[in-house]
Amino acid sequence: MSKNLKKLLVAVMVVIMALAFAACGGGGSGEEEPAEVPAVSTDSGAISVTPLDIPDYITEAEAGKERILMAKEGDGAGSGAYVYIDGSKTEGEDITWEMRCPSWKSGEEYTLDMMLADLGDESEYTKTTIGGQEYLAYEANSTSMNYYTVANNHPVLVQVVGTDEMDEEAVMNAIKSIKYNY
């Protein structure tokens, strides 16, 4: 093999190794990719969400219910700043949804427009899309937002309380990550 051919082969191998090393993330910067945080799911798996990326906040599913709470440890729905995902049961009827959405019946067709009619004054709600899911947004007060949606005929409320105390981007990222698997 000629000397020039050997040099060319060495140069090609160096380029290939450099590209392979870069593709594997071995850039040598010393920075590690953040570990992917596993989603939290309800017992049935009907609702799952990536936890809030806010220090001291925990994400827990309520046993036996289609509810997930994201709040500071020790706080809960009704105290402090929190995000509360409240879905309907996968089987049977849920009294809270019967009161909010009287035309919803488990196992029957239910749409976002039907929910809007059930909720009342349609002018108070704004249709918005977050993470590919359409919601009815309602400003409950200056520090609370409610996002209502329907997932495969099941009503869901995402309640965000204490918006002035939480990182808005972290909250929106969590809402975008919600998966409805009804």
Side-chain angles (χ1 to χ4, degrees), residues 34-102 104 106 110 112 115-116 118-182:
E36 189 170 316
V37 178
V40 172
S41 296
T42 58
D43 291 346
S44 72
I47 301 172
S48 64
V49 65
T50 301
L52 280 173
D53 187 18
I54 301 177
D56 302 324
Y57 273 73
I58 59 169
T59 301
E60 295 180 335
E62 192 174 327
K65 305 220 183 248
E66 298 305 332
R67 296 181 183 138
I68 297 175
L69 174 67
M70 295 182 265
K72 283 187 178 180
E73 195 159 0
D75 284 350
S79 67
Y82 59 88
V83 176
Y84 191 57
I85 305 165
D86 183 4
S88 61
K89 293 180 183 178
T90 54
E91 293 181 17
E93 295 186 8
D94 185 327
I95 190 68
T96 60
W97 285 109
E98 287 176 355
M99 291 176 0
R100 281 189 200 132
C101 301
W104 174 71
S106 182
Y110 193 69
L112 197 62
M115 176 183 260
L116 183 57
D118 278 345
L119 292 172
D121 187 356
E122 295 180 15
S123 66
E124 293 183 1
Y125 299 87
T126 305
K127 283 189 178 179
T128 187
T129 302
I130 304 171
Q133 181 72 30
E134 193 171 26
Y135 291 89
L136 300 172
Y138 171 73
E139 187 173 349
N141 60 49
S142 64
T143 63
S144 300
M145 284 295 296
N146 291 343
Y147 298 95
Y148 294 91
T149 193
V150 175
N152 196 23
N153 300 319
H154 291 271
V156 179
L157 165 63
V158 179
Q159 189 176 36
V160 183
V161 175
T163 55
D164 58 336
E165 297 177 39
M166 290 186 289
D167 178 334
E168 183 179 345
E169 183 179 353
V171 170
M172 280 296 119
N173 286 339
I175 294 172
K176 287 177 187 175
S177 79
I178 298 172
K179 301 283 186 254
Y180 300 106
N181 306 305
Y182 282 102

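All residue numbers refer to positions in the sequence shown, counting from 1.
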Heavy-atom distance under 4.5 Å between the side chains of Met115 and Leu136, does that happen here?
-> yes
Any chance you could measure Thr149, atom OG1, to Glu134, atom CD, to the nearest 0.5 Å?
-> 7.5 Å
Under 3.5 Å donor-acceptor, Trp104 side chain and Asn153 backbone | yes
Flag yes if more than 12 heavy atoms outside Lys176 fall under 6.0 Å of its NZ atom; otherwise flag no.
-> no
How close do Tyr110 and Cys101 get, heavy atom to heavy atom, and via which atoms?
-> OH-CB, 3.1 Å
Thinking salt bridges, do Asp43 and Arg67 make one under a 4.0 Å N-O criterion?
-> no
Rounded distance [0.5 Å steps], CG in Asp53 versus CG in Asn173 = 8.0 Å
Hey, are Tyr84 and Asn146 close enough side-chain-wise for a donor-acceptor pair under 3.5 Å?
-> no
Between Glu66 and Ser44, does any side-chain donor sit less than 3.5 Å from a side-chain acceptor?
-> yes
Do the side chains of Arg100 and Leu157 get nearer than 4.5 Å, heavy atoms only?
-> yes
With the side chain counted from C-beta on, respond yes when Tyr82 and Gln159 share a heavy-atom pair under 4.5 Å apart, and no when they do not.
-> yes
Working for side-chain contact (heavy atoms from CB on, under 4.5 Å), residues Tyr135 and Ile175 | CA-CA 11 Å; Tyr135 291 89; Ile175 294 172; 4.0 Å; yes
Give a yes or no on whether the backbone of Ala61 and the side-chain of Thr42 come within a donor-acceptor separation of less than 3.5 Å.
-> no
Closest heavy-atom pair and its distance - Asp167, Ile54 = N-CD1, 3.8 Å
Expected output: side-chain Ser41 to main-chain Ser48 donor-acceptor under 3.5 Å = no
Does any non-hydrogen side-chain atom of Thr143 lie less than 4.5 Å from one of Val161?
-> no
Evaluate the ring planes of Tyr182 and His154, with Trp represented by its six-membered ring, and classify them as parallel (under 30°), tilted (30 to 60°) or perpendicular (over 60°).
-> parallel
Would you check if Ile178 and Ile85 make a side-chain contact, meaning some heavy-atom pair closer than 4.5 Å?
-> yes
Take Tyr180 and Asn152, measure what side-chain contact (heavy atoms from CB on, under 4.5 Å) needs, and give me the verdict at the end.
-> CA-CA 8 Å; Tyr180 300 106; Asn152 196 23; over 6 Å; no
Under the side-chain contact (heavy atoms from CB on, under 4.5 Å) criterion, do Thr59 and Val49 qualify, and how do the steps go?
-> CA-CA 9 Å; Thr59 301; Val49 65; 4.1 Å; yes
Can you find a heavy atom in the side chain of Val158 that is under 4.5 Å from one in the side chain of Tyr148?
-> no
Side-chain contact, heavy-atom cut-off 4.5 Å: Ile130 with Met172?
-> yes
Should the pair Lys72-Asp56 be classified as a salt bridge under the 4.0 Å nitrogen-to-oxygen rule?
-> no
Is any side-chain heavy atom of Gln133 less than 4.5 Å from a side-chain heavy atom of Thr128?
-> no
